[in-house]
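Just the heavy atoms: all of them, side chains too, but no hydrogens, waters or symmetry mates, feed the values below. Not measured: the values here are computed from a predicted model. Lettering of chains follows the sequences in order, A, B, ..., and the numbering in each one begins at 1.
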Amino acid sequence: MTTRDMTFVALFAALTAACAVFPPFQPPFVPAPIVVQNIGVMLAGSILGARRGSLAMALFVVLVAVGMPLLTGWRGGFGVILGPTGGFILSWVPAAFVVGWLVERGWSRLGFWNLLVFNVIGGISVVYLIGIPWLAAVANMELGKAVKVSTIFIPGDLAKAAIASFAALIVKRSYPLIRA
Amino acid sequence: MLSLYVPGDSIVHRLPAGPKLLALFAASTALFAVSGIPIHAAELLAVAGLFRAARLPWRDTLHQLRPALIFLVPIFLFHAFVTDWRLGIETVLRILVLLLLAVLVTLTTKLSDMIDVLERALRPLRHVGVNPSKAGMMLSMVIRFIPLMTREAREILEAQRARGLDRSALALLVPLLIKTLKMAGDLSDAIEARGYDPETVAPVWRRWG
């Protein structure tokens, strides 16, 4: 890994942290706020690819775990990682990897629609597959209940996937980074 | 404000970062192995004792806890109405102990000490292709870049607000991304110009210093 790659990785971890500037939306009776921040996962995966993208998310998660208040609402610390919503945050590492892997495979014929599908598979499905059982376990909830509680985030996440796909496509045209 | 560290010279502050992080890991695992309201209440008392020993200002502790406290109430209400209020109390106590311990470590440990511990913890992973000094370097880079990126994001927000585009996610995101990618080239040149070579095991300044 070159210094340039390291800089890209560090910049995308910082970019994800900078997204905390946008305020969260806290729906009542749901133990997870809706944040703009997880768009960073989709962007890191679809712009940097699997290896660099997941590394950027790993750096971000490590810094949150050791106590930097980088999550929306200035949250951070090991307690957040182990708390009810911790699974959603930890899942960002494999999620960015899956998005990146799919984008690398489809790089030569990348358009808005297949980017959107990649971001929904990696950036939404992977996140929910890890986050929901985690929420159920930590909060002593039934799995079905945890699924129901999490469904209200789907419209917001779909919108974020669409925005990330548009942005990644524009960046691919001006600054292709995966197979430059 | 990037570090939450509250300076002090209490016994909790003076404990090295490594043992503190290890204790946090162990405690957080053990918490899920035991159950019962009396046990968790006793743990809460013990943690309160640790906070007393650390002599932390109440304001900092509460500030860290407030966002978490907001979702303890719905968790309790969920159990009170759906399962059993005793399970609700137990769950809330467990989460509270966990959060308090994490806040304690966070507020009493310097960020640079934690990064050193992480770098050391990653050392065994050398054999599977992880370079701990590179990882440490990248962690420091992220810490340096966060204020930079936040400033860029605010600048773009201002510029697009002047054009009436501040409600458009794409108009904010795309310039920020392009700027980021352009910056990466300059930044990596600057880092190498200062003698950093990613292929050496330790950064040059540490080998010679």
Shortest non-hydrogen contact between A:Trp107 and A:Pro176, atoms and distance
CZ2-CB, 3.9 Å

Within 6.0 angstrom of A:Arg105 CZ, more than 12 heavy atoms from elsewhere:
yes

Please check if atom CZ in B:Phe51 has more than 12 non-hydrogen atoms from other residues, nucleotides or ligands closer than 6.0 Å.
yes

Counting heavy-atom pairs closer than 4.5 Å to chain B, which one of A:Thr16, A:Thr2, A:Leu43 comes out on top?
A:Leu43

Just so I understand: if I count every heavy-atom pair under 4.5 Å between each of A:Lys145, A:Met1, A:Glu142, A:Met6 and chain B, which residue has the most?
A:Met6

Heavy-atom proximity to chain B below 4.5 Å, by part of A:Ile163
both

What part of A:Phe12 lies closer than 4.5 angstrom to a heavy atom of chain B: side chain, backbone, both or neither?
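Side chain only.
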
I would like to know whether B:Val142 and B:Ile146 meet side-chain contact (heavy atoms from CB on, under 4.5 Å); could you show each step before the answer?
CA-CA 6 Å; B:Val142 180; B:Ile146 287 168; 3.9 Å; yes

For [X], is it the side chain, the backbone, both or neither that has a heavy atom under 4.5 Å from a heavy atom of chain A?
{"X": "B:Leu139", "result": "both"}
{"X": "B:Arg94", "result": "side chain"}
{"X": "B:Leu118", "result": "side chain"}

For a side-chain contact (heavy atoms from CB on, under 4.5 Å) check, start with the C-alpha distance between B:Leu181 and A:Phe8, then their side-chain angles and the critical distance, and finish with the verdict.
CA-CA 7 Å; B:Leu181 300 175; A:Phe8 277 131; 3.6 Å; yes

Mind telling me whether A:Phe60 and A:Trp92 have parallel, tilted or perpendicular rings, with 30° and 60° as the class edges?
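If you compare the ring of A:Trp92 with that of A:Phe60, the planes turn out parallel.
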
